[in-house]
Amino acid sequence: MALHAVSAKSIDDVYTLPLSEEELPKYRMPVGTSDPRAVYAMIHSELKLDGNSSQNLATFCTTWSDEEVHKLMDENLDKNMIDKDEYPQTAEIESRCVHILADLWNSPSERTTMGCSTTGSSEAAMLGGLALKWRWRQRRQKEGKPADRPNIVAGPVQVCWEKFARYFDVELRQVPLEEGATGLRAHQLREYADENTIGVVAILGVTFTCDYEPVAEIARELDAIQADTGLDIPIHVDAASGGFIAPFVQPDLVWDFRIDRVASVNASGHKYGLSPLGVGWVVWRDAGALPEELIFKVDYLGGNMPTFALNFSRPGGEIIAQYYNFLRLGREGYRKVQQACMDTARYLAGRIADMGPFELLYDGTGALPAVSYTLKDAAQGFTLYDLTEILRVRGWQVPAYPLPPRRQETVIQRVLVRHGIGRDEIALLADDLERSIERLRNGTPSGAERKAFHHS
Ligand SMILES: Cc1ncc(COP(=O)(O)O)c(C=O)c1O
Ligand SMILES: NCCCC(=O)O
């Protein structure tokens, strides 16, 4: 009879294997191998200390995806999107996404314009900024004028624009928030824009407040500046979140390539584009808006492949998932998903307004599906930082932070409503907000809690 050697590892209980009886390595790679089951179990266990992503109301990013998206992501785990010759269909899908977005954002050349996928809006914004810098410098050199002091004008931008300015030697002229304002206002521009301005960044979905900046008004002010001074200053729209909201639930809002002065738009596919983390998009009005010098031709992967990106290898799964979402949802599907989020945000704004201590900064109307609010005054018996902390006890991740200058004395909270967060979940949050206020003020469970406790 054949003797079968049975490997000890194949039957030992995971929690009796060596790896599960020691702290996980933190500073040195282990010398030997370990049972994959044990490695998986230990890492899986540690990751339970992370927050519950569906209660992460701080993030703009996707935290819920279709089963089909999971399958496509897994099936394409091995696809490097830069290998366009080896994976021509993935490359074709990326190109289709660019043209679908160019059409969605009303480019006059949606079939011929340029654009690309990126790791997120940060990279997309930087590529848009670089194209502005190159075009400005070309113009200045053609005019025989100095091109050594470029600046970019913006309101309360996300950190990616500070990175752009520092990494690429551009002065960031950040326009301070006026009292009561939620972003840049057109009338502020004249003081900041000059002959060295490579462009103005208009934000469709300000990170701090979730409101939109008035892109059309900003364009009209730049038209007036051009009429007065001859300065022809383009706009880059940072539509990281709004680029996938406005076209579907605010179709009459003119913010994109319908405005002649808009040269480029970035958006995060992994925010309200509903795709998994790791994909952003930048689209130019037309091919002429992207200087040829910024495009590199690569032939060592087979074929002659143009690339304009800050990195090279990148996963193809998120791009494929983005195309899946475009086809699965279509305009009507995106409208229904985003409108449901808008309606839930408006519901939450109503609940928050009725609670008493809060003043709404953005009430979920006309911009992102979100709510931002502050305390009416300092005499509420708690701070928003206290509230953030006590909400975390129930798993809610709701950030509190000061507004950008000159409203830095105002601390706010922000709640983002995203795909996968339904009305009932937000109602539970509102209930917990009410209970938390009670606890912070009285240090005791609320009456409702006591009643619930006694009935449990
Ligand atoms: C307005 C804006 N721009 C850019 C970014 C950066 O986007 P990403 O995280 O996709 O790089 C964000 C992120 O919150 C944002 O809100
Ligand atoms: N721009 C993304 C910031 C981080 C997040 O929303 O998760």
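Along the sequence shown, the residues carry numbers beginning at 1. In each ligand, atom 1 is the first atom listed, and ligand 1 is the first ligand listed.
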Colleague: If the cut-off is 4.0 Å to any non-hydrogen atom of Ile203, which atoms of ligand 1 fall inside it?
Modeller: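 This gives 1 (C) as the contact atoms.
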Colleague: Checking Asn266 against Asp238 for the side-chain hydrogen bond (donor to acceptor under 3.5 Å, both in side chains) test, could you report, in this order, the C-alpha distance in whole Å, the side-chain angles of both residues, the deciding distance, and whether it holds?
Modeller: CA-CA 5 Å; Asn266 72 267; Asp238 180 350; 3.0 Å; yes
Colleague: In the protein, what heavy atom is nearest to atom 12 (C) of ligand 1, and what distance, to one decimal place, separates them?
Modeller: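 Answer, as residue, atom name and distance: Gln158 CG, 3.5 Å.
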Colleague: Kindly indicate, with the supporting measurements, whether the criterion side-chain contact (heavy atoms from CB on, under 4.5 Å) is fulfilled by Val265 and Trp281.
Modeller: CA-CA 8 Å; Val265 175; Trp281 299 95; over 6 Å; no
Colleague: Numbering the atoms of ligand 1 from 1, which are under 4.0 Å from a heavy atom of Gly205?
Modeller: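 Within the 4.0 Å cut-off of Gly205, ligand 1 contributes 1 (C).
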Colleague: Can you report which non-hydrogen protein atom sits closest to atom 14 (O) of ligand 1, along with the distance?
Modeller: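 Nearest neighbour among protein heavy atoms for atom 14 (O) of ligand 1, to 0.1 Å: Lys271 CE, 3.6 Å.
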Colleague: Determine if the distance from atom 2 (C) of ligand 2 to the closest protein heavy atom is below 4.0 Å.
Modeller: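 Given the 4.0 Å cut-off, atom 2 (C) of ligand 2 counts as touching protein heavy atoms.
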Colleague: Keeping the roles fixed (side chain from Gln413, backbone from Tyr385), state whether a donor-acceptor pair exists under 3.5 Å.
Modeller: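 No, because the side chain of Gln413 does not come within donor-acceptor range (under 3.5 Å) of the backbone of Tyr385.
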Colleague: Are Lys71 and Glu67 within salt-bridge range, i.e. N to O under 4.0 Å?
Modeller: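 So Lys71 does not pair with Glu67 through a salt bridge.
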Colleague: If only side-chain N and O atoms count, and only distance matters, is there a donor-acceptor pair under 3.5 Å linking Arg314 with Thr118?
Modeller: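 Distance-only check fails for Thr118 and Arg314.
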Colleague: Please list the nearest protein heavy atom to atom 7 (O) of ligand 2 with its residue and the distance rounded to 0.1 Å.
Modeller: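 I find the closest protein heavy atom is Thr59 OG1, 2.4 Å.
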Colleague: I want to check a possible cation-pi pair here: Arg394 against Trp396, using under 6.0 Å from ring centre and within 45° of the ring axis as the test.
Modeller: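 Arg394 over Trp396 ring: no.
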Colleague: By the definition side chain to side chain donor-acceptor pair (under 3.5 Å), identify the one residue from Ser121, Ser241, Ser122, Ser275 that meets it with Ser268.
Modeller: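 One option only clears the test, and that one is Ser121.
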Colleague: If you have a sec, work out which protein heavy atom is nearest atom 6 (O) of ligand 2 and how many Å separate them, to one decimal?
Modeller: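 Residue, atom and distance for the closest contact: Phe60 N, 2.7 Å.
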Colleague: Check each atom of ligand 1 against the heavy atoms of Ala240 and keep those under 4.0 Å away; list them by number with element.
Modeller: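 Selected atoms, number and element: 1 (C), 2 (C), 3 (N), 4 (C), 15 (C).
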Colleague: Which of the numbered atoms in ligand 2 are below 4.0 angstrom from a heavy atom of Cys61?
Modeller: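 Checking each atom against Cys61, I get 5 (C), 6 (O), 7 (O).
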Colleague: Are Tyr272 and Phe244 close enough that their ring centres sit under 6.0 Å apart?
Modeller: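 Between Phe244 and Tyr272, which both carry aromatic rings, the centre distance is not below 6.0 Å.
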Colleague: Does the residue Glu123 have a heavy-atom contact with ligand 1, meaning some pair of atoms that are separated by less than 4.0 Å?
Modeller: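 Heavy atoms of Glu123 never come under 4.0 Å of ligand 1.
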Colleague: Mark up the atoms of ligand 1 that fall under 4.0 Å of a heavy atom belonging to His270, in ascending order.
Modeller: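 Heavy-atom distances to His270 below 4.0 Å select 8 (P), 10 (O).
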Colleague: Would you say Glu318's side chain and Val279's backbone share a donor-acceptor pair under 3.5 angstrom?
Modeller: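 No; zero donor-acceptor contacts below 3.5 Å.
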Colleague: I need the atoms of ligand 1 closer than 4.0 Å to a non-hydrogen atom of Gly120, numbered in the order shown.
Modeller: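 Counting atoms of ligand 1 from 1, those under 4.0 Å from Gly120 are 10 (O), 11 (O).
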Colleague: Assess the residue pair Phe257 and Trp284 against the criterion (ring-ring contact (aromatic ring centres under 6.0 Å, His included)); give the C-alpha distance rounded to whole Å, side-chain angles, the decisive distance to 0.1 Å, and a yes or no.
Modeller: CA-CA 9 Å; Phe257 294 118; Trp284 281 270; 9.6 Å; no
Colleague: Just going by heavy-atom distances, which of Thr207, Leu204, Val237 is nearest to atom 15 (C) of ligand 1?
Modeller: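 Minimum heavy-atom distance to atom 15 (C) of ligand 1 goes to Thr207.
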Colleague: Give me the nearest non-hydrogen protein atom to atom 11 (O) of ligand 1 as residue plus atom name, then the distance to 0.1 Å.
Modeller: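 Sorting protein heavy atoms by distance from atom 11 (O) of ligand 1 puts Ser122 OG, 2.6 Å first.
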Colleague: Less than 3.5 Å between some nitrogen or oxygen of Ser241 and one of ligand 1, yes or no?
Modeller: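 No: no nitrogen or oxygen of Ser241 is under 3.5 Å from one in ligand 1.
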Colleague: Please check whether Trp161 reaches ligand 1 - meaning an N/O of the residue sits under 3.5 Å from an N/O of the ligand, judged on distance alone.
Modeller: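 Such a contact does not occur with ligand 1.
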Colleague: Would you say Asp238 has any N or O atom under 3.5 Å from an N or O of ligand 1, going by distance alone?
Modeller: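 Indeed, backbone or side chain, Asp238 has an N or O that close.
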Colleague: Would the distance check show the side chain of Gln188 and the main-chain N or O of Pro176 forming a donor-acceptor pair, the cut-off being under 3.5 Å?
Modeller: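 Judged by distance alone, yes, a pair lies under 3.5 Å.
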Colleague: Could you tell me whether Asp169 and Lys133 make a salt bridge, using a distance below 4.0 angstrom between a side-chain N and a carboxylate O?
Modeller: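 Between Lys133 and Asp169 there is no salt bridge, as every charged N stays at least 4.0 Å from the carboxylate O atoms.
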Colleague: In terms of atom number and element, which parts of ligand 2 are under 4.0 angstrom from non-hydrogen atoms of Lys271?
Modeller: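 Near Lys271, the atoms of ligand 2 are 1 (N), 2 (C).
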Colleague: Any idea which atoms of ligand 1 are less than 4.0 Å away from a heavy-atom of Cys160?
Modeller: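 Answer, ordered by atom number: 4 (C).
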